[in-house]
Structures are given as structure tokens and as C-alpha cells.
Protein chains: 2
Amino acid sequence: MKHDSGFDLPQGTLDLLILKVVAHGPIHGYAIAQRIRQMSRNALEVQQGSLYPALHRLEYKKYLNADWKLTETGREARFYRLTSRGKAHLESETASWERLTEIVGLILQGSPGEA
Amino acid sequence: MKHDSGFDLPQGTLDLLILKVVAHGPIHGYAIAQRIRQMSRNALEVQQGSLYPALHRLEYKKYLNADWKLTETGREARFYRLTSRGKAHLESETASWERLTEIVGLILQGSPGEA
DNA sequence: CGCCTATATGTAGAAGAATAAGGTATGAAG
DNA sequence: CTTCATACCTTATTCTTCTACATATAGGCG
């Protein structure tokens, strides 16, 4: 099944979104993808082949840690939590993102003669 | 020499910036990089190893075309112009970028219970 | 003249991440 | 008992970016 809103995430953005979602409290991978889809009003569809490698990456880098627990529906799932390292990283990456969008916005609106 | 503002561009963003800069009128590669650096107040340093492949890519995709001319300082340089295809692409990519930043912004500001 | 810097173009190799496409397993619903 | 949604995972491919290197010319300076 293809996603309706042909819309690719630029490389690097996914980690930021995941960290932010996890920052709200312990949550498992599948639910992270659902949450991102919801919050973007179906505009962003996180593929599983992007999601799980990203989670492993973030865990390896000590931004997240995880353990197996039962979901409310009685299934095994891996619940992720933000580490303090992860929290710091989230904050700095958020700042970078905001700075980047500011700069890109500047250029996209810029007139020819702009300094 | 390293650039001071360690700051990687998300994939796809460079093409957008290049197209936008070229949209202002014929310009050669080296000047594009300078322009982006200026307009970002030295925050964005486009590496040559990113710039030229990007230009070739955009030319191959018919978003740009180019020919050799003399610069004001009397040097051979490849001046790029936006094609009509490129103009259309720039517009749709700009819209995508704005939509993306909107959505990411939504998620980054979102409270835990957000729909 | 020789040297350095800025201009101007390019390539090669490696790294990194997203995608496409597959696989495993369970609970609930029909 | 079959199908669907949940929930995890991997592999191969593709694309873009970065680092680093390579080439060449114009202008300034000693």
C-alpha cells in the first residue's frame, strides 16, 4: 500500500520527530508511527523500514533506551524512553531545525538583491 | 578549512536552494554558493563536492540548462538558467517544503494528547 | 618572475539514511 | 479458519551529502 500524500522525509528529520514523540512518555515503535501519522493529519507516513532502523540507531547512540513490556492490548512490545543524553540532543536538534527553517525561509523569500 | 557552523542540509534541500537562487537570473556555480552563504549570513556553507554534482543532477533532469560564458572578471564559467520545467518544480518543491516545516513544527510543538 | 590567494570547475570514495520489499508472530473479528 | 491489525525485524538498493583531491586562471605582492 502506497501512502496517498507523496511526501518524503528529508534525511535526518525522522530522528528528530521520533525523539520528540518519545519525549512525551514511554511508547513503542508501532505507536510512534501512528502518532506521527495522526499528528501530521496523514501527511507523514513513516515506513517500518525507516522506523525500526532509526530506533536502533537512536538506542545505539544512547538517546533512547528500551525494554519489553505488555501493551494495553496484551501484546509484547518494546517501549522506548528518552535518556538524559537524548533529551539534550533533542533540544539541540530542535534548535538546529528551527535555525535551518529560518535560513531556508529567508532564502526562499529573498529578492535578487538581498545581502 | 572547516566551516564553523557544523550544519548539515537535509537531503533535497540543496536542490531547492539552488533552484531558487538560479530563479533570480543566470548565475554560475561558484556564485550560487557565495550567494547562499551571504543570504544565510555564513550559516550555510555549500561544499563544492555537493554543489557541482547537484548542478549536474538538476541539468540532467532538465530543471536547469547552462552554457559557458565569461564572468565580469574575465573567466570562463558555466551560467545556469531555470527551465520552465525547473520553474514548475521549484514551485511545487517550495510548497512541499512549506508544508513539511508546517507539519514538523506542529509535531515539535505538540502536547502529548494532541490529535 | 615566482608565490599565494581567490575564483571557477570538476571527480572519487565513503558515509548515512530512506525506500521497497520482504519475513515472523499473535490477538481479535468474521 | 481465514483475514486483518498489531508489533517486531532485515536485506538490498538508491540517493544525497561530505571529505578530499585535482585542475586551471587572474590578480596582487615581493
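A note on names: the letters A, B, ... follow the listed sequences, proteins ahead of strands, and every chain is numbered from 1.
Atom CZ of Arg37(A) sits about 13.5 Å away from atom CD1 of Ile32(A), to the nearest 0.5 Å. The distance from atom CG of Leu55(B) to atom CD of Gln48(B), rounded to the nearest 0.5 Å, is 11.5 Å. To the nearest 0.5 angstrom, Leu82(B) atom CG is 9.0 Å from Asn65(B) atom CG.
Among the heavy atoms of the strands, none lies under 4.0 Å from Glu72(A). Residue contacts for Lys69(A): at a heavy-atom cut-off of 4.0 Å it reaches no nucleic acid atom on any strand shown.
At a non-hydrogen distance threshold of 4.0 Å, Gln11(A), Gly12(A), Leu14(A) from residues 11-22 of chain A come into contact with DNA chain C.
Bending across the helix from dC1(C)-dG30(D) to dG30(C)-dC1(D), expressed as the angle between its end axes from five pairs apiece, amounts to 10° (10° rounding).
Applying the salt bridge (Lys or Arg N to Asp or Glu O under 4.0 Å) test to Glu102(B) and every residue at least two apart in sequence or in another chain returns nothing. Taking Arg85(A) as the reference, nothing meets the salt bridge (Lys or Arg N to Asp or Glu O under 4.0 Å) condition, with sequence neighbours excluded.
For Arg57(B), no side-chain nitrogen or oxygen approaches OP1 or OP2 of dT14(D) to under 4.0 Å.
The minimum heavy-atom distance between Leu19(B) and Gly86(B), with the atom names listed, is CD1-O, 4.5 Å.
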Within the sub-3.5 Å range, which N or O atoms of nucleotides 8-10 of chain D have a protein N or O partner, and how far apart are they?
unit_1	atom_1	unit_2	atom_2	d
dC8(D)	OP1	Arg78(A)	N	2.9
dC8(D)	OP2	Gly29(A)	N	3.3
dC8(D)	OP2	Tyr30(A)	N	2.6
dC8(D)	OP2	Tyr52(A)	OH	3.2
dC8(D)	N4	Gln48(A)	OE1	2.7
dC9(D)	OP2	His56(A)	NE2	3.2
dC9(D)	N4	Gln48(A)	OE1	3.4

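Checking Thr73(B) against Val46(A), the closest nucleotide of DNA chain C that is more toward the 5' end is the one next to Thr73(B).
Side-chain N or O atoms of Thr94(B) include one that pairs as donor or acceptor with a backbone N or O of Leu90(B) at under 3.5 Å.
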Might you work through the side chain to side chain contact (heavy atoms under 4.5 Å, CB included) test for Ile107(B) and Arg35(A), ending with a clear yes or no? CA-CA 9 Å; Ile107(B) 295 175; Arg35(A) 181 73 93 185; over 6 Å; no
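Sorted by first and then second residue, the salt bridge (Lys or Arg N to Asp or Glu O under 4.0 Å) pairs with a member in residues 61-70 of chain A read Asp67(A)-Arg81(A); sequence neighbours excluded.
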